[in-house]
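The structure displayed is predicted, hence computed values, not measured ones.
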Amino acid sequence: MTIQVTVADVHQMTPDVKQFRLVADDHTFEFRPGQHTHIHFTDDDGEEVERPYTAITRPGTSQICLAIKRYDDGTASVWMHDRSPGDEIDIDPVDGNLSVRETDRDAVFVATGTGITPIFPMVKQYAREGEGQAHLVFGERDQDHLIFRESVDQLRAENENLAVDYVLSRGDDDDWPERTGHVQDHLPDALDAVDLDAADCYVCGVPQMVVETAELLEDEGADEERIFTEGWEADAMEE
């Protein structure tokens, strides 16, 4: 059964990502950070459309926020970017397989693009509750498209147990002091101080990156059963 929510406000996060705050009249969203909902709507051809998007807010309230990237040839992302405050949307209860498993183990988080949307609330949860060390490696194409950068930097400053590496795929930014290239190329070096065989690893992004990263983490010593993945951008890319 779907839940009807109202768009309370819309915030432009990056040039192609908007944040939508959705409020339900008589429903409390209970979920684990990292889980997602599905939006439902009928497109211009009368076809029913359903797409997953992560809840980036904390559970236990009547509202959730979704950060959605617009793809020019997309169906759901274009439809969502046309929404305005006051519009009503049907969504599913929040659920899904991606969430922090054990807060007493070290944690590795790897994300590219909008794959950060489930990873970011998980990192926030670990910063609050985690008893070990956490390391986030986040890849994007350029600085303008780094979603949650200010919030991630604040978390890093406030939590000594959280390390963060950004990786930009476009290496032509003269004022960029950090890593460039592909996330996979930097993982062995970025995670050199991490005891991978004692850590839980969470990976989300384009499917190819997810597969390659999972294989690389295994090669570096991570337990296959402790690598939790989701090819989050697959649906958006296929729209």
query = Going hydrophobic residue to hydrophobic residue with side-chain gaps under 4.5 angstrom, can you get from V152 over to W176?
reply = yes
Measuring from atom [atom1] of [X] to atom [atom2] of [Y], what distance do you get when rounded to the nearest 0.5 angstrom?
{"X": "T14", "Y": "Q19", "atom1": "OG1", "atom2": "CD", "value": "11.5 Å"}
{"X": "E178", "Y": "L168", "atom1": "CD", "atom2": "CG", "value": "8.0 Å"}
{"X": "Y202", "Y": "Y126", "atom1": "OH", "atom2": "OH", "value": "8.5 Å"}

task = Take the angle between the ring planes of F148 and F120 and call it parallel below 30°, perpendicular above 60°, tilted in between.
result =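 Rings of F148 and F120: parallel, under 30°.
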ask   = Parallel, tilted or perpendicular: which describes the rings of H27 and F29, with under 30° parallel and over 60° perpendicular?
value =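 Judged by the thresholds at 30° and 60°, the geometry between H27 and F29 is perpendicular.
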Please answer whether the main-chain N or O of [Y] pairs with a side-chain N or O of [X] as donor and acceptor at a distance below 3.5 Å.
{"X": "D82", "Y": "W79", "answer": "no"}
{"X": "T54", "Y": "H36", "answer": "no"}
{"X": "S99", "Y": "P33", "answer": "no"}
{"X": "D45", "Y": "E47", "answer": "no"}
{"X": "R226", "Y": "A222", "answer": "no"}

For a quick test of your reading: what N or O donor-acceptor pairs under 3.5 Å do the side chains of residues 181-195 make, sequence neighbours left out?
residue : atom : partner : partner atom : Å
Q184    : NE2  : E212    : OE1          : 2.7
H186    : NE2  : T180    : O            : 2.5
D189    : OD2  : R179    : NH1          : 2.9
D189    : OD2  : R179    : NH2          : 3.4

request  = Determine whether V17 and I68 make a side-chain contact, defined as any pair of heavy atoms from C-beta on separated by less than 4.5 Å.
outcome  =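 V17 vs I68: side chains apart.
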ask   = Can you find a heavy atom in the side chain of T112 that is under 4.5 Å from one in the side chain of T213?
value =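 No, side chains not in contact.
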Could you tell me which non-hydrogen atom of [X] sits nearest to which non-hydrogen atom of [Y], and how far apart they are?
{"X": "A24", "Y": "I3", "result": "CB-CG2, 4.1 Å"}
{"X": "T117", "Y": "A67", "result": "CG2-O, 3.7 Å"}
{"X": "P15", "Y": "D144", "result": "CD-O, 3.3 Å"}
{"X": "Q133", "Y": "E160", "result": "OE1-O, 4.0 Å"}
{"X": "M122", "Y": "G34", "result": "CG-CA, 3.7 Å"}
{"X": "Q35", "Y": "D95", "result": "CB-O, 3.1 Å"}

query = Under 4.0 Å between a Lys/Arg side-chain N and an Asp/Glu carboxylate O for R101 and D200?
reply = no
message = Regarding R70 and D16, does a basic nitrogen lie under 4.0 Å from an acidic carboxylate oxygen?
response =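 Salt bridge between R70 and D16, a charged N being under 4.0 Å from a carboxylate O: no.
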query = Is it true that the side chains of R149 and Q143 contain a donor and an acceptor less than 3.5 Å apart?
reply =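 Side chains of R149 and Q143: pair found under 3.5 Å.
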request  = Not counting sequence neighbours, which residues clear side-chain contact (heavy atoms from CB on, under 4.5 Å) with K18? List them please.
outcome  = V10, Q12, F20, H81
